[in-house]
Amino acid sequence: MVTRARKASIYEQAQREHELLHQKLKYLNHQLAKRQIPLREIVELLDGLRGFFIAHFQKEERDGLFELIVARAPHLSRQASKLSHEHFELVERLDGLIRFARRGTGQPLCWWMLGLRMQDFTKKLQLHEAEENGLLQMAYADDLGTKD
């Protein structure tokens, strides 16, 4: 049985990781907008983001984040399953972004396209993370003190 403190810990940990991920995305988008570092460094940043991403998703899967949500609120199983599957889709999108950056020429059009693709990826990831946070809040609202 998962204790109330464990549930709050899971929620807080997810929040911290989502914030760290947000900071990494913000930094990468900022570097793309400035265009002041070599494209190979952008590729290295993207590779680093991918490593963080994989570890983050594996932790969510390994720690049973979605299992805990469904155990607490079975009616959320469909949304939890969808979000779990999105992990694979997001990694595939990031891999595509990395491939595009590796093929890049460093020309202004390349930077512009890479920036647009990164912004699109960032929006999709932020939506995903917001949905995860929403599921956590719905499942544990009474335990986290957010329910009246």
Please list, chain by chain and in numerical order, all residues satisfying salt bridge (charged side-chain N to carboxylate O under 4.0 Å, His left out) with R93, sequence neighbours excluded. D120
Just jot down the side-chain contact (heavy atoms from CB on, under 4.5 Å) partners of K24, sequence neighbours excluded, or say none. L20, L49, F52
Under 3.5 Å, side chain of S77 to main-chain N/O of P74, donor-acceptor pair present? yes
Could you tell me which residues satisfy salt bridge (charged side-chain N to carboxylate O under 4.0 Å, His left out) with E17, sequence neighbours excluded, listed by chain and number? K59
Taken in chain and number order and not counting sequence neighbours, the residues that satisfy side chain to side chain donor-acceptor pair (under 3.5 Å) with T122 are N29
Under 4.5 Å between side-chain heavy atoms, counting indirect links through other Ile/Leu/Val/Met/Phe/Trp/Tyr residues: same cluster for L25 and L83 or not? no
Using 0.5 Å steps for rounding, measure from the NE2 atom of H30 to the CG atom of L32. 10.5 Å
With sequence neighbours excluded, give me every ring-ring contact (aromatic ring centres under 6.0 Å, His included) pair touching residues 89-123. F53-F121
Can you tell me how far the CD1 atom of I98 sits from the CZ atom of R103, to the nearest 0.5 Å? 12.0 Å
Any sub-3.5 Å donor-acceptor pair from R117's side-chain atoms to L97's backbone N or O? no
Please name the pair of heavy atoms, one in G104 and one in C110, separated by the smallest distance, quoted to 0.1 Å. CA-SG, 3.4 Å
Report the residues that fulfil side chain to side chain donor-acceptor pair (under 3.5 Å) with Q107, sequence neighbours left out, ordered by chain and then residue number. none
Which atom of A80 lies closest to which atom of V70, heavy atoms considered: CB-CG2, 3.8 Å
Name all residues meeting the side chain to side chain donor-acceptor pair (under 3.5 Å) criterion together with Q58; count only those two or more places apart in sequence or in a different chain, and write none if there are none. none
To the nearest 0.5 Å, tell me how far Q36 CD sits from Q31 CD. 8.0 Å
Among residues at least two apart in sequence or on other chains, which ones pass side-chain contact (heavy atoms from CB on, under 4.5 Å) with R16? E12, Q13
My understanding is that only residues two or more places apart in sequence, or in another chain, count here; which of them pass salt bridge (charged side-chain N to carboxylate O under 4.0 Å, His left out) with R50? D95
Quiz: residues 37-47 side-chain donor-acceptor pairs under 3.5 angstrom, not counting sequence neighbours:
unit_1: D47; atom_1: OD1; unit_2: R102; atom_2: NH2; d: 3.1
unit_1: D47; atom_1: OD2; unit_2: R102; atom_2: NH2; d: 2.8

Name the atoms and distances for all side-chain donor-acceptor pairs under 3.5 Å in residues 84-91, with sequence neighbours left out.
unit_1: S84; atom_1: OG; unit_2: E61; atom_2: OE1; d: 3.2
unit_1: S84; atom_1: OG; unit_2: E61; atom_2: OE2; d: 2.8
unit_1: H85; atom_1: NE2; unit_2: E89; atom_2: OE2; d: 3.2
unit_1: E86; atom_1: OE1; unit_2: H128; atom_2: ND1; d: 2.7
unit_1: E86; atom_1: OE2; unit_2: K82; atom_2: NZ; d: 2.7
unit_1: H87; atom_1: ND1; unit_2: E61; atom_2: OE2; d: 3.0
unit_1: H87; atom_1: NE2; unit_2: E60; atom_2: OE1; d: 2.9
unit_1: H87; atom_1: NE2; unit_2: H128; atom_2: NE2; d: 3.2
unit_1: H87; atom_1: NE2; unit_2: E132; atom_2: OE2; d: 3.0

Consider only side-chain heavy atoms of I, L, V, M, F, W and Y, link residues closer than 4.5 Å, and tell whether L68 and F57 are in one cluster. no
With rounding to the nearest 0.5 angstrom, report the CD to CD distance, Q137 to Q15. 6.5 Å
Please identify each residue that fulfils side-chain contact (heavy atoms from CB on, under 4.5 Å) with E92, with sequence neighbours left out. none
Are L135 and L21 connected, step by step, through hydrophobic side chains (Ile, Leu, Val, Met, Phe, Trp, Tyr) whose heavy atoms are closer than 4.5 Å? no
With a 4.5 Å cut-off on side-chain heavy-atom distances among I, L, V, M, F, W and Y, is there a chain of contacts connecting L76 to L127? no
